Amino acid sequence: MTVLAVNRPSDVEFPLFLHVLGAILLIGTLLVAATALLAAWRRKDPREVTSLTRIGLWTILLGVFPSYVLMRVGARWTEAASDYPDDFEPAWLGLGYITANLGALVTLIAIVLAIIGLRRLREPVSRAVLGRVVASLSLLLFAAYAVAVWAMTAKPT
Amino acid sequence: MSTYDWLLFLHVAGAFVFGMATIAYWCAVVAAARPQGGDPQSLADTIARPANYVVGAGAAVALVFGVWLAIYVDGLELWDPWILVSLLLLVLAAGAGAQAGRSYVAAAQREGTEATGLRRRGMSFHTVASVAFLVILALMIFKPGA
C-alpha cells in the first residue's frame, strides 16, 4: 500500500481510496458470511443453525453487496480519473475486470439465494440447503477476489 | 515479478488481512448484540475465530514489508512524516485491537454490569483500532507531503 500509485495524478486518490476501502470491506464481509454459513453447516443445535444462517445471509445482503458496489464504483472512477490511453490494456486490469464481472454474477446469485434463504428460515426443514450453496459461493468469491488483490498490487504482465 | 512487486503485494496482502479481521470483529459485535435466538457469546466466538488466527500475522506482515518498501524504494524514507505516522498508527491499531480482544474475553467470563463494562471497553478499543486503520489507509493513498 505504501507506493500503490507512485506518480499518479492527484484526482485519482479519492476514488482509489474508495476502491481499496470497498475491496477490504468486500473481502471482510465475504469471510464473515462464509464463516457463519459454514459453521451453520456443521452445527447440530437448530437454534444455532438458524442464527448463524441468518447472520451469514444478512451479511451477504447488508455487507457484501454494498461493499461490491463501493469497490466497483471506485474502480471505474479511478480508471476514468487516471486518463489512461485508449490502447492501455494491461493483464492486471483485464484480470481485475474478469474477476469483478464474474464476481458480480456470482454475487447476484448469492443475493437472490440469500433473499430466498431468509424467507425460508421460517420453515426449519429447508433451512440448510440454500445456506450451504451461499457458503460455497462466498468461498468462491473470496478466492477470486484474493487473486484480484494479487493482480491489482503485483500487476503481472 | 520484480522485488518491488513482491514487496508491495505482501505489504498490501498483510494490510488486507488486518482490515478483513477488523471487519470480522465488527460483525461479531453486531451478531452478539442481535443474536436472534442463538447464544450471543457463542455466535461472536464463531464469527471472530478465523480473524483471531490471522489478525496478528496480517499486522506483522504489513509492518515488516511496509518498512522494507520504505527502505527499498528510492525517494521514500522511513522518517517521511506520512510513513512515520502510519507506522505509529499501525502499532496503535494492533495494541488497541489486542486490548479489545482481552476485554471481550474477560467479559465472557463475567456477568452483569461488570461484563457490560468490559464489553463497552472492548468496543472502545476496537473503535480506536478501526479508526487508526482507516487513517493509515488514507495516508497510504493520499501520501500527504510526499
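The model shown is predicted, which means the values in this text are computed figures rather than measured ones.
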(message) Students often mix this up, so state it plainly: with edges at 30° and 60°, are the rings of His126(B) and Tyr25(B) parallel, tilted or perpendicular?
(response) perpendicular
(message) Take a 6.0 Å sphere around CD of Gln109(B) and say whether it holds more than 12 heavy atoms from other residues, nucleotides or ligands.
(response) yes
(message) Please classify the contact of Ala138(B) with chain A as side chain, backbone, both or neither, using a heavy-atom distance under 4.5 Å.
(response) both
(request) Please state whether the side chain, the backbone, both or neither of Leu21(A) comes within less than 4.5 Å of a heavy atom of chain B. (result) both
(request) Check the angle between the aromatic planes of Phe9(B) and Trp6(B) and answer parallel, tilted or perpendicular using the 30° and 60° thresholds. (result) perpendicular
(request) Please flag which part of Leu31(A) lies under 4.5 Å from any non-hydrogen atom of chain B: side chain, backbone, both or neither. (result) side chain
(message) Is Leu25(A) close to chain B through its backbone or its side chain, or both, or neither, when contacts mean heavy atoms under 4.5 Å?
(response) both
(message) Would you say Leu69(B) ends up clustered with Val91(B) if hydrophobic residues are merged whenever their side chains have heavy atoms under 4.5 Å apart, either directly or through other cluster members?
(response) no
(request) Mind listing the closest non-hydrogen atom pair of Trp58(A) and Leu118(A) along with its distance? (result) NE1-CD2, 3.6 Å
(message) Need one label for Leu7(B): side chain, backbone, both or neither, based on atoms under 4.5 Å from any heavy atom in chain A.
(response) neither
(request) Pick one of side chain, backbone, both or neither for Ala146(A), based on which atoms fall under 4.5 Å of a heavy atom in chain B. (result) neither
(request) Identify which part of Phe142(A) has an atom lying under 4.5 Å from any heavy atom of chain B, answering side chain, backbone, both or neither. (result) side chain
(message) Are Tyr72(B) and Tyr4(B), when compared by the centres of their aromatic rings, separated by less than 6.0 Å?
(response) no
